[in-house]
Amino acid sequence: MKTNKQSPGRPSFCIDPNHLHYLRTSKRLTQEAIAREVYAKLGKSEHTSLAAQKNNYQRWEKTGKISKPMAEALADVLGVTLAALQEASLEAQPSRIDEIQACIQAQLATGNEDLAQFF
């Protein structure tokens with residue numbers, strides 16, 4: 001677990017900003033939507049403007065620096081573990097197109113004549 005001190009009393013928790021961006025875009029969520037959910041989950045939405053929430057989210061996705069409670073809420077909103085947010089390297093995730101292509105190739109290999117006429 002990585003922690004840094006920004007200033008006395010304000011520990012910073014580090015997550016992988018590239019992985020955060022990947023998770024958000026793969027779920028087709030906006031920065032604003034995730035920020036709203038995170039702040040609502042922590043009961044801070046009434047005290048923090050939507051613009052500030054979005055700006056904070058953008059900072060998380062740019063720098064990876066976030067408080068641990070925010071990181072925990074963020075992981076919950078994204079449906080992943082806290083450790084998953086800290087991953088420094090992503091294994092290549094197969095795209096939906098890759099999955100479809102593999103299914104087509106498997107069907108062609110079994111001799112699917114109906115499918116073969118299109119290729």
Contacts of type side chain to side chain contact (heavy atoms under 4.5 Å, CB included), residue Q101, not counting sequence neighbours: D98, Q105

CD-CG distance between E87 and N18, expressed to the nearest 0.5 angstrom: 12.0 Å

Side-chain touch I15/H19, heavy atoms, less than 4.5 angstrom: no

From CA spacing to verdict: side-chain contact (heavy atoms from CB on, under 4.5 Å), L23, L85: CA-CA 9 Å; L23 290 169; L85 282 179; 3.7 Å; yes

Heavy-atom side-chain contact between Q86 and F13 under 4.5 Å: yes

Qualifying ring-ring contact (aromatic ring centres under 6.0 Å, His included) pairs, either residue in residues 42-64, two or more places apart: Y57-W60

Test item: T25 side-chain N/O and Y22 main-chain N/O as donor-acceptor pair under 3.5 Å: yes

From Q31 atom CD to N56 atom CG, the distance as rounded to the nearest 0.5 Å: 11.5 Å

Contact check, side chains of E32 and Q53, non-hydrogen atoms, under 4.5 Å: no

Taking distance alone, no hydrogens or angles, what donor-acceptor pairs closer than 3.5 Å link side-chain atoms of residues 70-79 to residues at least two apart or in another chain?
unit_1, atom_1, unit_2, atom_2, d
D76, OD2, K41, NZ, 2.8

Considering all heavy atoms, the nearest L82-K68 contact: CD2-CE, 3.9 Å

